Amino acid sequence: MNTQLQYAAKGIVTPEMEQAALHDGVSPTWICSQIASGRCVIPKNKNHNIKARAIGDGLPTKINANIGTSGKHCSINEELEKLKIATKYGADSIMDLSTGGDLFLILSEVLKNSPVMVGTVPIYTVVARKGELGLSDEFIFDPEELFHEIEEQAKLGVDFMTLHCAVTRDSIRYLQTHKRVTGIVSRGGSLIYRYIKQTGKENPLYEQYDRVLEICQRYDVTISLGDGLRPGSGADANDHSQIEELLIQGDLVRRAQEKGVQVMVEGPGHMPLNQIEANMKLMKRICYGAPLYVLGPLTTDAAAGYDHIAGAIGGAIAATHGANFLCYVTPAEHLCLPNIDDVKQGVIASRIAAHSADIANGLPLATLNDLNLSRARYELNWNEMFKYMIDPENARKRKNDSESEKDDYCTMCGELCAMKTYKNSRN
């Protein structure tokens with residue numbers, strides 16, 4: 001069987017393209033052409049029965065919610081509840097980043113219960129399964145175990161995988177001569193770095209990239225080229241290491257597309273607000289227009305406890321200038337494992353960012369949504385307003401819990417409601 005990219009290259013519109021087009025209100029033939037150009041992907045494993053969604057230029061910005069256990073906190077039921085909450089409030093995908101408990105069972109349950117695409121980071125599983133988590137001075141993961149895990153997860157139905165293929169002996173050399181404030185903040189990136197430093201060998205994911213492509217092509221797994229050298233502080237943004245990795249990512253995008261493998265590129269974590277636009281445009285150019293998947297970016301290092309807000313600010317700017325897929329950031333970022341409410345808050349914040357960018361980019365459905373809401377607001381038609389809000393459940397509760405529950409105005413202005421005054425003055 002061909003991948004979505006291989007079908008698209010032949011001009012064949014697949015059922016998955018039709019599903020994705022219907023979801024986003026675009027033409028299936030247009031989706032097909034975008035996939036063929038590499039500017040759009042449909043992360044859907046041949047073995048995963050979900051309705052397809054597309055990520056890429058010209059489409060509504062999609063968002064991802066990370067869930068998963070840790071060695072310190074492990075409850076499969078809690079993670080499945082996080083999955084339920086994330087999708088209820090609008091997540092387009094889920095990543096299972098579990099590192100504690102029965103990892104095969106957890107991933108299997110996530111795949112079985114998720115109505116949306118599922119991603120993973122296979123190197124986490126390889127390391128966590130050993131009980132080492134990279135802490136032993138002697139620990140070195142076995143490349144064969146990593147390739148085996150990639151294939152097993154592909155068989156299971158994982159739709160996209162973060163693979164840190166561009167952390168290489170070349171890309172890490174600047175870490176020695178250009179000191180970073182926060183070093184490497186990517187877990188996967190740090191493990192690949194450690195492997196290179198301890199063995200003197202090349203990153204196996206880079207050295208045997210064709211092997212990675214063969215597995216992903218067989219199951220139509222979308223590669224998400226991990227940003228193992230992303231900046232973990234504003235001071236490190238757009239430094240030599242980040243840009244060197246980006247250049248390698250660009251070459252790997254081209255190689256994947258030539259093999260018919262769908263690919264997207266992961267981007268920065270922390271970045272000052274005034275650098276985001278240029279960084280997104282540079283990433284698009286270097287990576288042949290491939291979809292960009294960004295974590296935030298966080299526009300300040302000082303928002304712990306409110307990083308979902310910092311991430312939403314950065315995400316809105318990033319998506320306005322080229323990012324297509326926002327990985328949510330929760331209030332627990334940098335502090336602890338997110339709880340169920342953190343997941344909700346992270347999804348809502350990212351949806352606000354994504355929707356704001358879609359309006360800025362002139363996407364018709366986003367623009368029409370806000371126009372309909374504003375018209376209902378002018379008419380003081382609350383039930384109609386709620387239909388177009390990002391979190392209608394919360395909005396309705398706040399109105400109903402106030403003293404103006406039965407009034408057509410809210411308690412902020414009361415009878416001095418500006419729109420009522422304006423309309424009454426016109427009559």
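Being a predicted model, the structure only gives us computed values, none of them experimental.
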Side-chain ([X]) to main-chain ([Y]) donor-acceptor, under 3.5 angstrom:
X: N369; Y: A366; value: no
X: D92; Y: I63; value: yes
X: D236; Y: G232; value: no
X: N361; Y: L363; value: no
X: E245; Y: L229; value: yes
X: S404; Y: D407; value: no
X: K44; Y: H48; value: yes
X: S350; Y: V347; value: no
X: R129; Y: V126; value: no
X: K51; Y: H23; value: no

Can you check whether [X] reaches [Y] side chain to side chain, under 4.5 Å on heavy atoms?
X: Y328; Y: N66; value: yes
X: S75; Y: T69; value: no
X: D391; Y: Y89; value: yes
X: V343; Y: I340; value: no
X: M117; Y: I50; value: yes
X: D239; Y: Y174; value: no
X: K387; Y: N372; value: no
X: L156; Y: N47; value: no

- Message: If we check side chain to side chain contact (heavy atoms under 4.5 Å, CB included) with L163, which of these qualifies: I150, T120, V121?
- Response: I150
Answer yes if the side chains of [X] and [Y] hold a donor-acceptor pair under 3.5 Å, and no otherwise.
X: Q153; Y: E149; value: yes
X: Q6; Y: Q217; value: yes
X: D358; Y: T61; value: yes
X: R396; Y: N383; value: yes
X: Q262; Y: Q4; value: no
X: S233; Y: D301; value: no
X: K284; Y: N324; value: yes
X: S171; Y: E244; value: no
X: D96; Y: S98; value: yes

Which heavy atom of [X] sits nearest to which heavy atom of [Y], and what is that distance?
X: L326; Y: A354; answer: CD1-N, 3.9 Å
X: A318; Y: M280; answer: O-CG, 3.7 Å
X: T222; Y: P43; answer: OG1-CA, 3.4 Å
X: G260; Y: T3; answer: O-OG1, 2.5 Å
X: A154; Y: N45; answer: O-ND2, 2.8 Å
X: V221; Y: V158; answer: CG2-O, 3.5 Å

- Message: For a side-chain contact (heavy atoms from CB on, under 4.5 Å) check, start with the C-alpha distance between F160 and M95, then their side-chain angles and the critical distance, and finish with the verdict.
- Response: CA-CA 9 Å; F160 66 98; M95 288 196 80; 3.7 Å; yes
Rounded distance (nearest 0.5 Å) linking atom [atom1] of [X] with atom [atom2] of [Y]:
X: L225; Y: L205; atom1: CG; atom2: CG; value: 10.0 Å
X: L247; Y: Q242; atom1: CG; atom2: CD; value: 10.5 Å
X: D307; Y: Q345; atom1: CG; atom2: CD; value: 13.5 Å
X: N238; Y: I243; atom1: CG; atom2: CD1; value: 5.0 Å
X: Y288; Y: Q257; atom1: OH; atom2: CD; value: 9.0 Å
X: Q19; Y: I31; atom1: CD; atom2: CD1; value: 11.5 Å

- Task: Start with the C-alpha distance between F141 and I192, add both sets of side-chain angles, then the distance that settles side-chain contact (heavy atoms from CB on, under 4.5 Å), and finish with yes or no.
- Result: CA-CA 9 Å; F141 67 84; I192 297 292; 3.9 Å; yes
- Query: Does Y124 have R187 sitting over its ring (NZ/CZ under 6.0 Å from centre, angle to axis within 45°)?
  - Reply: yes
Just wondering, are more than 12 heavy atoms of other shown residues or ligands nearer than 6.0 Å to [atom1] in [X]?
X: R398; atom1: CZ; value: no
X: R254; atom1: CZ; value: yes
X: K84; atom1: NZ; value: no
X: N400; atom1: CG; value: yes
X: K399; atom1: NZ; value: yes
X: K423; atom1: NZ; value: yes

[X] and [Y] ion-paired at < 4.0 Å:
X: E258; Y: R255; result: no
X: K344; Y: D341; result: no
X: E151; Y: R218; result: yes
X: E214; Y: R211; result: no

- Message: Parallel, tilted or perpendicular, judged at 30° and 60°: which one describes the rings of H334 and H270?
- Response: perpendicular
- Please work out whether the ring planes of F386 and W382 are parallel, tilted or perpendicular, with thresholds of 30° and 60°. tilted
- salt bridge (charged side-chain N to carboxylate O under 4.0 Å, His left out) evaluation trace for E277 with K281: CA-CA 6 Å; E277 177 181 354; K281 291 178 177 177; 2.7 Å; yes
- Any chance you could lay out the side-chain contact (heavy atoms from CB on, under 4.5 Å) test for I184 and L175, step after step, and finish with the verdict? CA-CA 9 Å; I184 297 178; L175 294 173; 3.8 Å; yes
- Task: Given salt bridge (charged side-chain N to carboxylate O under 4.0 Å, His left out), test D24 with K62 step by step and report yes or no.
- Result: CA-CA 10 Å; D24 288 334; K62 305 302 190 299; 2.9 Å; yes
- Query: I352 and I348: side-chain contact (heavy atoms from CB on, under 4.5 Å), yes or no, with the steps?
  - Reply: CA-CA 6 Å; I352 293 169; I348 294 294; 4.0 Å; yes
